[in-house]
Protein chains: 2
Amino acid sequence: MPPSSPDGLTRNAGIREVARRAGVSIATVSRVFNAHSTVQQGTRERVLEEARAVGYSPSPLGRNLVRGRSDLLGVILPNTGFPLYGAVLRGIEDTIQASGMSVLLASSRDDAQIEVQAAQHLLRHAVDASIVVNSRAGRNLPTDRDLAYVHIAPEDPAVPHRVELDNVRGGELAAVELLAGGARCPAFVGAPGRESAERERGFVTSMEEAGRRVRRVPGDYSEDSGLRAGMALPADVDAVFVAGDLMAAGVLRALHQQGRRVPTDVAIVGFDDSLIAPLLYPRLSSVRQLAYDMGVAAAQLALGLIAGEPGPDVVITPELVRRESSIRVPSPRPP
Amino acid sequence: MPPSSPDGLTRNAGIREVARRAGVSIATVSRVFNAHSTVQQGTRERVLEEARAVGYSPSPLGRNLVRGRSDLLGVILPNTGFPLYGAVLRGIEDTIQASGMSVLLASSRDDAQIEVQAAQHLLRHAVDASIVVNSRAGRNLPTDRDLAYVHIAPEDPAVPHRVELDNVRGGELAAVELLAGGARCPAFVGAPGRESAERERGFVTSMEEAGRRVRRVPGDYSEDSGLRAGMALPADVDAVFVAGDLMAAGVLRALHQQGRRVPTDVAIVGFDDSLIAPLLYPRLSSVRQLAYDMGVAAAQLALGLIAGEPGPDVVITPELVRRESSIRVPSPRPP
DNA sequence: TTGTAGGCGTTATCAG
DNA sequence: CTGATAACGCCTACAA
């Protein structure tokens, strides 16, 4: 019995139903819905007509099975909650939406082991490609067929298909800004990992070229570590570059507590320009990480790989967003 | 030809391969991998053994097709980037991970139209259920078979399967805190929508019971609107409850600019306890929204619906997180 | 307990 | 340009 639907509810019409009503074979219906196939004008219209009538469109499930791929893009984030990753995700989503793909999410919890498992899981779901943010596993990710990974800021400097921020340049921007503000005794608050090291390199190099020695204080990207770093800042330091905004918030608080005025006594530049930067007091100058743009770039790269046209790696150039924390004004002494 | 693999690479082994090696039919292999099926101990072990040997596990694609459902959970967020939603997402992820499901993401951009399309898209991918955050479309979401929606804080107060915060209670908590700090002239900074209205109701009711009249100032959840609201605050106001942390950041800044001290001159309580609250200056007291917990609850509800055991709606009781912005201390005048 | 066979909804190959 | 028909990988009556 053909799936005529005598009950009130329109059960999901399939390709057969449409073929029957249009008086063609299911093969023709399929061709109509798959581009670059040749089918006569009249037939095509008739099929489309009937399809609309019963509300048909090809089921992803059947299609996935036969094609061995889905229209899914895997995304592996270290941590779903972090704002910066949210921006990346949004960039990815906005970009792939047009091509009818969707995002299958997984998280790695900053653990190479878990990351590999997540990748495997995505693989089994036949994602067309995956984007991995801050990959720990790097080249060890399982790769089926010619599955493509696009990496955003991976630890491993050798993985292909990468989108990355020019961290060294970011450090330089911070140095330029602080020097313009008259920095004499600069400090750098860093964190473990490649990215922080690069930011430090750019900063220190520029500062040394200007004849300034940079004090280093370690942290771990947390606000708390920033607070401790701020407390440990030598008394003569008058300019600080902090490798992450959250840490910068901690440094800022430490300075408040010590009664040191920002930017009058100490100027500060953060990194990321995450959404907290303009909310801090004073508003934090920060090297903009352009997370949204990185998501967009990664998605475009992924789309290219899927289409068989691998694009070149992307290096995004950061900008400095100037706000109150680094803009030196004459000491506000009322008359 | 059976898929013996003469080339070096182990091509993905299928159910047939395992069946052949274990000397059983594919039906038996299938039964081994589907619980509540009865297969002899010895046979089961042999199958498992061979499965492990070739690295086999049932393909989601084939399984989805025949079962008409995937092991995917749809999640529709208004906006992928917003921190609060990130927390919800994390709660969802952490909860479903154990059951081997994964999250298929979509966003609604706060638009009922787009929300419906997103839901349809998820539907076609045969998600087992969907979680919708801040639904605008409400009961108008397309519903195939017995697909279940779980709603987190929907606009429509009548949709079933909901997880929600007790906003009225949140308003009361804010009132209690501010009254304890000696509030005489309280104000409320609100925003459009049901949630803000409920927070207002709880706040105003409690305040009026204490004999205080509440000034209302409108906003829209943005920092900027908070800044404007803060500027528009009558001079005698000494306590403010703001319906969102981001707006509260704006209010705080306005007060700084006016030279009004927080909490000495004006005490402030925000709402959400988003991750910016402890970063503001001074640290912002806030009614905790427990977004992570709401994600967990929603995921549990969804899991229940999928299993055919619908659980009761969930109302989460907020807590007040006390921080500097509402803790009145004697004016800090050193001896 | 196990095997046989049919079907899930599509795409792709190969004739016509 | 179009129609049969064979996969795709798996689940599930039904039968043995």
Side-chain angles (χ1 to χ4, degrees), chain A residues 1-3 11-48 50-51 54-72 100 123-126 128 144-145, chain B residues 1-3 5 11-48 50-51 54-71 100 123-126 128 144-145:
Chain A
M1 173 183 101
R11 79 176 82 255
N12 257 350
I15 194 173
R16 272 181 274 273
E17 172 84 2
V18 176
R20 195 179 53 72
R21 297 179 49 138
V24 297
S25 75
I26 62 168
T28 300
V29 176
S30 174
R31 277 189 277 256
V32 168
F33 280 92
N34 288 309
H36 60 271
S37 255
T38 168
V39 39
Q40 209 160 33
Q41 189 54 239
T43 319
R44 146 167 277 120
E45 280 167 8
R46 198 145 29 91
V47 168
L48 250 26
E50 294 302 334
V54 299
Y56 166 85
S57 75
S59 154
L61 271 54
R63 166 180 293 206
N64 290 350
L65 179 57
V66 64
R67 300 199 320 175
R69 39 174 292 212
S70 60
D71 45 350
L72 266 35
L123 222 66
R124 311 208 68 267
H125 277 271
D128 295 356
D144 196 349
R145 337 158 271 171
Chain B
M1 173 183 102
S5 161
R11 77 176 85 252
N12 256 351
I15 194 175
R16 273 182 275 271
E17 172 85 3
V18 176
R20 193 179 54 70
R21 296 179 49 137
V24 297
S25 75
I26 64 169
T28 298
V29 176
S30 174
R31 277 188 278 257
V32 168
F33 280 92
N34 288 310
H36 61 272
S37 254
T38 168
V39 39
Q40 209 161 33
Q41 188 57 238
T43 319
R44 145 168 277 117
E45 280 167 6
R46 198 143 31 89
V47 168
L48 251 26
E50 293 302 335
V54 300
Y56 166 84
S57 73
S59 154
L61 270 53
R63 167 180 292 210
N64 290 350
L65 181 56
V66 65
R67 299 198 320 174
R69 38 172 295 209
S70 60
D71 45 350
L123 221 66
R124 312 206 69 269
H125 276 271
D128 295 357
D144 196 348
R145 333 161 274 172

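Convention: sequence-line order gives letters A, B, ...; per-chain numbering from 1. Just so it is clear, the structure is predicted and the values come from calculations on it, not from any experiment. The analysis underlying the following values was restricted to heavy atoms, covering all of them including side chains, and did not include hydrogens, waters or symmetry mates.
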Quick one: label [X] by what it contacts on the DNA or RNA (base, sugar-phosphate, nothing), any heavy atom closer than 4.0 Å.
X: B:Val29; answer: nothing
X: A:Asn34; answer: sugar-phosphate
X: A:Ser59; answer: sugar-phosphate

Proximal nucleotide (of C:dT10, C:dT4, D:dA4) relative to the B:Ser25 side chain: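 Nearest to the side-chain atoms of B:Ser25, counting from C-beta on, is C:dT4.
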Proximal nucleotide (of D:dT12, D:dC11, C:dT10) relative to the A:Ile15 side chain: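 In terms of side-chain proximity for A:Ile15, the closest of D:dT12, D:dC11, C:dT10 is C:dT10.
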As an exercise, state the distance from [atom1] of [X] to [atom2] of [Y], rounded to the nearest 0.5 Å.
X: B:Arg16; Y: B:Ser25; atom1: CZ; atom2: OG; result: 12.0 Å
X: B:Asp71; Y: B:Arg63; atom1: CG; atom2: CZ; result: 7.5 Å
X: A:Leu65; Y: A:Ser70; atom1: CG; atom2: OG; result: 12.0 Å
X: B:Arg44; Y: B:Arg31; atom1: CZ; atom2: CZ; result: 11.0 Å

[X] side chain near [N] phosphate (N/O to OP1/OP2, under 4.0 Å):
X: A:Arg16; N: C:dC8; value: yes
X: A:Thr43; N: D:dT2; value: yes
X: A:Ser30; N: C:dT11; value: yes

Would you work out how much the helix from C:dT1-D:dA16 to C:dG16-D:dC1 bends between its ends, with each end axis defined by five base pairs, to 10 degrees?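 Taking the rotation axis at each end, their angle is 40°.
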So which one's nearest nucleotide on DNA chain C is more toward 5', B:Val24 or A:Gly62?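 Of the two residues, B:Val24 wins.
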Which sits closer to the 5' end of DNA chain C, B:Leu65 or A:Ala27, going by the nucleotide each is nearest to?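 By nearest-heavy-atom nucleotide position, the 5'-most residue is B:Leu65.
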